[in-house]
Participant: 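Below is a structure I'd like to ask you about.
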Amino acid sequence: MSKPLSRTGSAALAVLVALSGLSVAASGAAAAPTGRPSPGGQSAGDSLFPAAGNTGYDVLHYGIRLRYARSTGRVSATTAVTARATHPLSRFSLDLQGLHVAKVFVDGRAGRFSRHDDKLVVTPARPVSGRFTATVRYGGKPVTHIDPDGTQEGWIPTSDGGATVVAEPLGAMTWFPDNNTPRDKATFDARIDVPSALAVAGNGDLVSRRRHGSRTTWHWSQRHQMATYLAMISMGRYRVYRSTMRSVTGRHLPVWSFVARKYGSLAPARALVPRVVRFEERRFGPYPFTSTGIVVQDLGVGYALETQNRPTFDGPPSVLGLVHELAHQWYGDSVTLRRWTDIWLHEGFASYAEDLWTAAHGGPSTAAAFRARYRAHPASSSLWDQAPARFRDPALLFSSAAYVRGGMTLQVLRERVGTPAFFTILRRWAARHRDGNGTTGQFRRLAEQVSGQDLGALFHDWLYVPARPDGY
Ligand code: TRP
Ligand code: ZN
């Protein structure tokens, strides 16, 4: 569910849009709920990833049941996608990379389906309108997705015989059929059946852990809206730790952490989780979810990911690594971008959180950190080659323009509007778009509203021009 999807329903328009470098604005006029059934579109219209996502429906819930065979690395799975059609659909698509599809049912009736590229195209026995459920039975050995920058994501097999999903931006389609766009957030249930020697981490709350013979089924439930790239399962030979923490507002939050055995107990890192969550609550507002924790595994991907509720780390996390991934729970997970070119709304904010932590723990102030970076990167530095909110190359999604320049933008904003207004903006951004999406334009308008200032030039110079802003 979440904000309405764009209802263009036209792949041709999406391609046009991708070529022009613009992104699809949600069209105001929704297609009439009645009328002749037509196919859904096969692109969500993102300029960086035009092949990803689909239109014609809005996913409400994913119900994933997956059985993992440790000896072969294969899965057999059923995912039930409950969605609301935005117009009567004669046909619709889901994203799925690799895996073998055995059957598709729509509202209980077998449907026809075909595969091409990373699309599973479903033709229901009768057109669907309103709420419907597509149930996909599938299996095989999941593939790892390779990003434009060459990094691995999606399904990652691990040396302990398990596998972990880290799926930003597109890897979710390597383990379940989905509408693979951050615009279409949904709730999730994941029931994962593994040999009992493996433990299973997931998002949200653990509903049950049931042993049957030599195997155990872990049921994780995510009641908050979640983008597909943040959905995670991690199966491994873990030490599992459960405790409870008190949030700043007095809520009791379960803390579930999963630490690969080779790393010992990681007690210091685990003890930091409640401290970091409370530190960030005091600055960003109430923790947006119902549980927290960390997953630490030897993934070999070279990065961590802010998987919802429970960030996943490739090896023992650093203090700033924890600060960064937990900050994403507010900025990235609860408030999610609508288009990938707005990635600075995630990475700039999480990087700025690192500076806030450093400043509060004996390090330089955020102002001093800003000045040092500004000086360290003269106009000729490649840091300035990319405009954070306007880059065109998907291989640069995780470049320093998003992280460093994005974070610097927030310090510039803070100095312009003053510290109290700045934190009001951060908190209001998290509150207003909680469980939803946001754009750079909406953030700018909020900052202008709170500060009463015209911030057009500031946002333009820092986010939309591939050059070093002068005069700082
Ligand atoms: N979003 C992650 C973080 O900042 C980083 C990340 C995800 C990443 N996927 C990636 C970095 C691929 C490089 C390549 O914590
Ligand atoms: Zn990040």
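Only a predicted model underlies this, so the values are computations on that prediction, with no experimental measurement involved. All values below were derived from every heavy atom in this structure, side-chain atoms included, with hydrogens, water molecules and symmetry-related copies excluded. In this chain, numbering begins with 1 at the start of the sequence shown. Numbering of ligands and ligand atoms starts at 1, following listing order.
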Participant: Hey, is there an N, O or S on H346 sitting under 2.8 Å from the Zn ion (ligand 2)?
Facilitator: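 It does not: H346 brings no N, O or S atom closer than 2.8 Å to the Zn ion (ligand 2).
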Participant: At a heavy-atom distance under 4.0 Å, which protein residues reach ligand 1? Sort them by chain and number, would you?
Facilitator: D149, T151, E168, Y303, A304, L305, E306, H324, E325, H328, E347, F398, Y403
Participant: Regarding N180 and D95, is there a side-chain donor-to-acceptor distance under 3.5 Å anywhere?
Facilitator: no
Participant: Output yes when K262 and D298 qualify as a salt bridge under the 4.0 Å nitrogen-oxygen rule, no when they do not.
Facilitator: yes
Participant: If we only count heavy atoms from C-beta on, is the F176 to I64 side-chain gap below 4.5 Å?
Facilitator: yes
Participant: By atom name, which N, O or S atom of E347 is the nearest to the Zn ion (ligand 2)?
Facilitator: OE1
Participant: Does the pair D314 and V301 meet the rule for a side chain to side chain contact (heavy atoms under 4.5 Å, CB included), with working shown?
Facilitator: CA-CA 7 Å; D314 187 0; V301 295; 3.8 Å; yes
Participant: Please note down the angle at the Zn ion (ligand 2) between NE2 of H324 and NE2 of H328, to the nearest 10°.
Facilitator: 100°
Participant: Indicate the ring-plane relationship of H324 and H328, choosing parallel, tilted or perpendicular according to the 30° and 60° boundaries.
Facilitator: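 Judged by the thresholds at 30° and 60°, the geometry between H324 and H328 is perpendicular.
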Participant: Could you tell me if D205 and T290 have a donor-acceptor pair between their side chains, going purely by distance under 3.5 Å?
Facilitator: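 The criterion, which ignores hydrogens and geometry beyond distance, is satisfied for D205 and T290.
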Participant: Check D193 with R67, please: is the shortest side-chain N to carboxylate O separation under 4.0 Å?
Facilitator: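 Here R67 pairs with D193 in a salt bridge, since their nearest N and O are under 4.0 Å apart.
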